[in-house]
Participant: 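This structure is in structure tokens; I'll ask about it shortly.
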Amino acid sequence: MSQTSFDIQQAAVIGAGTMGRGIVMCLANAGVTVQWVDTNPQMLEQALATVAETYAHNVRQGRIDQAEADARLSRVSAAADYAAIRNADLVIEAVYENLELKQKIFRELDGLLKPQALLASNTSALDIDAIAAATKRPEQVLGLHFFSPAHIMKLLEIVRGAQTSPAALDAALVLGKRMGKVSVVSGNCHGFIGNRMLHPYVLEARKMLLEGAYPQQVDAALQGFGFAMGPFRMYDVVGIDLEWRARELAGQGQDAPEVQVDNRLCEMGRFGQKSGNGYYHYEPGSRQAEHDPEVDALVLRVSEGLGFQRREIGPEEILERCLLALVNEGAKILQEGIAESAHDIDLVYLNGYGFPADKGGPMAWADQQGLADIHQRLLALETRQGDQWKPARLMGELAAQGKGFADR
Ligand code: NAD
């Protein structure tokens, strides 16, 4: 199949929730016409109104003129059902994070769409190959992982399945460029590049709450390093309840000690910014995270209840554990070929996760420190705290040759 067969003029988006709204605007802003489907007509109506309001706001701010707003809005239309989008060149699915649901949608679309159409999922972590397997065109299935809010965040992870064709990837890269995104190609693994690395980073932050730290201390240390937001402020923005519900649905992970503070917060209805309370308190209409002594008391109760002997944890230890967890997972991702280069990993963290720009990204930061030094520090943590700190093989090899990640 030649690359020109994937010329994307008309797209469809499935799902009119948080992500669908941003994705539709990215497409319309780039001159692509978009048909929009949601099983909930009210949701779709609300979403169309939100898009119109966003463009009107952009006009009031002087960012675009009225003619441009009208042109963008005219590219977006509601579609009654899947049959109505059968001529789309590309469909981007952004429904609930549920593999069976996504497979069902892909199967149905595969039967309806023209043979050369591309099918993409905005999943945050699910297996792209398992989604592609529901179709008879796995070479035309890929992940297009936008970040929230999708029309504002620069990063686009393009997820390459085992069978995704080079031409399909090229078409996604061209589209990414048209949308003004920083596109990074990722291999298929749980969480892709960004969310996979986030997992051990957040795990360390959560463990330190149980061992003696408080959310505000952890966030302050990482913000002091230059992160736009510490992990707990980030969870308040994303919604603490998303993972809580996902654990509940999957029927696993809910008993892990590290998630007990999250669980208690969610049981109290403290989901984050959207509910006015999470790890922090928010005054009505404000996004200002305010320290909440009730949360400290909860952290203390949970950690003592689990039998932890709390101890003072300083900012150096917080930085050491969170940053090295991030770098070591990045090294594994590079070693496995999930990322094509250390620079790509840095692009993901700079553009999607608020890593301080002046430090160049986690892998560049590790190179600046000296990989041999980072390797030693990981070995020291491994001795003190166990196997989870075992340095990635690649890191040991590069360190032994006096090289950095960038030399690979
Ligand atoms: P959401 O809950 O805000 O919206 C999902 C929408 O899908 C709802 O409007 C629902 O009515 C609709 N829907 C459900 N089943 C449908 C079907 N069969 N056909 C058509 N529409 C259907 O969800 P979201 O936060 O926008 O997340 C969507 C996807 O994007 C998920 O896979 C999520 O993991 C991923 N994602 C989310 C974020 C985020 O920050 N929210 C970031 C990146 C990726």
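None of these values were measured; they are calculated from a predicted model. Numbers here are sequence positions counted from 1. Both ligands and their constituent atoms are indexed starting at 1 by order of listing.
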Participant: Between N58 and R72, is there a side-chain donor-acceptor contact under 3.5 Å, judged purely by atom types and distance?
Facilitator: no

Participant: Could you tell me if any non-hydrogen atom of L101 lies under 4.0 Å from any atom of ligand 1?
Facilitator: yes

Participant: Taking the non-hydrogen atoms of V238, is any one of them nearer than 4.0 angstrom to ligand 1?
Facilitator: no

Participant: For atom 32 (O) of ligand 1, what is the closest protein heavy atom, and at what distance to 0.1 Å?
Facilitator: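 So the nearest neighbour among protein heavy atoms is E97 OE1, 2.5 Å.
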
Participant: For the atom pair CG (L156) and OG (S183), what is the distance rounded to the nearest 0.5 Å?
Facilitator: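 L156 atom CG to S183 atom OG measures 4.5 Å (nearest 0.5 Å).
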
Participant: Check each heavy atom of I14 against ligand 1 and say whether those closer than 4.0 Å belong to the side chain, the backbone, both or neither.
Facilitator: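 Side chain only.
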
Participant: What I want to check is whether the side chains of Q66 and D70 have a donor and an acceptor closer together than 3.5 Å.
Facilitator: yes

Participant: Only heavy atoms of T18, strictly under 4.0 Å: list the atoms of ligand 1 that pass.
Facilitator: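 Those qualifying, in numeric order: 3 (O), 25 (O), 26 (O).
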
Participant: Would you say G20 and ligand 1 have an N/O pair spaced under 3.5 Å apart?
Facilitator: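 N/O-N/O distance below 3.5 Å does not exist for this pair.
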
Participant: Among all protein non-hydrogen atoms, which one is nearest to atom 2 (O) of ligand 1, and what is the separation to 0.1 Å?
Facilitator: Y96 CE2, 3.4 Å

Participant: Angle between ring planes, F225 versus W365, binned at 30° and 60°: parallel, tilted or perpendicular?
Facilitator: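 Perpendicular.
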
Participant: Going by distance only, is there an N or O of T123 that falls short of 3.5 Å from an N or O of ligand 1?
Facilitator: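 Checking ligand 1 against T123, no N or O pair falls under 3.5 Å apart.
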
Participant: Going by the order shown, which atoms of ligand 1 are within less than 4.0 Å of some heavy atom of I105?
Facilitator: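 Heavy-atom distances to I105 below 4.0 Å select 17 (C), 18 (N).
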
Participant: Atom 44 (C) of ligand 1: which protein heavy atom is closest, and how many Å away?
Facilitator: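 Result: S124 OG, 3.1 Å.
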
Participant: Below 4.5 Å, heavy atoms only, C-beta onward: do L109 and I85 meet side chain to side chain?
Facilitator: yes

Participant: Any atom of ligand 1 sitting under 4.0 Å from a heavy atom of W36?
Facilitator: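 False for this residue.
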
Participant: Measure the acute angle between the ring planes of Y280 and Y282, then classify it against the limits of 30° and 60° as parallel, tilted or perpendicular.
Facilitator: perpendicular

Participant: Please determine whether a side-chain nitrogen of the Lys or Arg among E68 and R63 lies less than 4.0 Å from a carboxylate oxygen of the Asp or Glu.
Facilitator: no

Participant: Hey, which atoms in ligand 1 end up nearer than 4.0 Å to a heavy atom of K102?
Facilitator: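 Result: 31 (C), 32 (O).
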
Participant: In terms of the angle between their ring planes, are W244 and F271 parallel, tilted or perpendicular, with boundaries placed at 30° and 60°?
Facilitator: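 Rings of W244 and F271: tilted, as their planes differ by 30° to 60°.
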
Participant: Would you please determine whether R21 falls within less than 4.0 Å of ligand 1 on a heavy-atom basis?
Facilitator: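 R21 does not count as a contact of ligand 1 under the 4.0 Å cut-off.
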
Participant: Only heavy atoms of Y82, strictly under 4.0 Å: list the atoms of ligand 1 that pass.
Facilitator: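 Numbered from 1, ligand 1 contributes 17 (C), 18 (N), 19 (N), 20 (C).
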
Participant: With a 4.5 Å cut-off on side-chain heavy atoms, are Y55 and N29 touching?
Facilitator: yes

Participant: Taking atom types as modelled and ignoring hydrogens, do the side chains of D262 and Y279 form a donor-acceptor contact shorter than 3.5 angstrom?
Facilitator: yes

Participant: Who's the nearest protein heavy-atom neighbour of atom 16 (C) of ligand 1, and how far?
Facilitator: T39 OG1, 3.3 Å

Participant: Please state which protein non-hydrogen atom is closest to atom 30 (O) of ligand 1 and give its distance, to 0.1 Å?
Facilitator: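 Its nearest protein heavy-atom neighbour is N122 ND2, 2.9 Å.
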
Participant: A side-chain contact here means heavy atoms from C-beta on lying under 4.5 Å apart; do R86 and K114 qualify?
Facilitator: no

Participant: Considering non-hydrogen atoms of the protein only, which is the closest contact for atom 12 (C) of ligand 1, and what is the distance?
Facilitator: D38 OD2, 3.2 Å

Participant: Identify the protein heavy atom lying closest to atom 27 (O) of ligand 1, giving its residue, its atom name and the separation to 0.1 Å.
Facilitator: M19 CG, 3.8 Å

Participant: Hey, are E93 and S121 close enough side-chain-wise for a donor-acceptor pair under 3.5 Å?
Facilitator: yes

Participant: Side chain, backbone, both or neither: which applies to K104 and ligand 1 if a contact is any heavy-atom pair less than 4.0 Å apart?
Facilitator: neither

Participant: Run the contact test for H145 against ligand 1 with a 4.0 Å cut-off on heavy atoms, strictly below, and give the result.
Facilitator: yes

Participant: Does this structure show an ion pair linking K403 with D367, if we count only N-O contacts that are shorter than 4.0 Å?
Facilitator: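 Here K403 does not pair with D367 in a salt bridge, since their nearest N and O are not under 4.0 Å apart.
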
Participant: Can you tell me which residue and heavy atom of the protein come closest to atom 43 (C) of ligand 1, and the distance to 0.1 Å?
Facilitator: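 Ranking protein heavy atoms by distance from atom 43 (C) of ligand 1, first comes F146 O, 3.2 Å.
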
Participant: Please report whether atom 23 (O) of ligand 1 has a protein non-hydrogen atom at a separation of less than 4.0 Å.
Facilitator: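 No, there is no protein heavy atom closer to it than 4.0 Å.
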
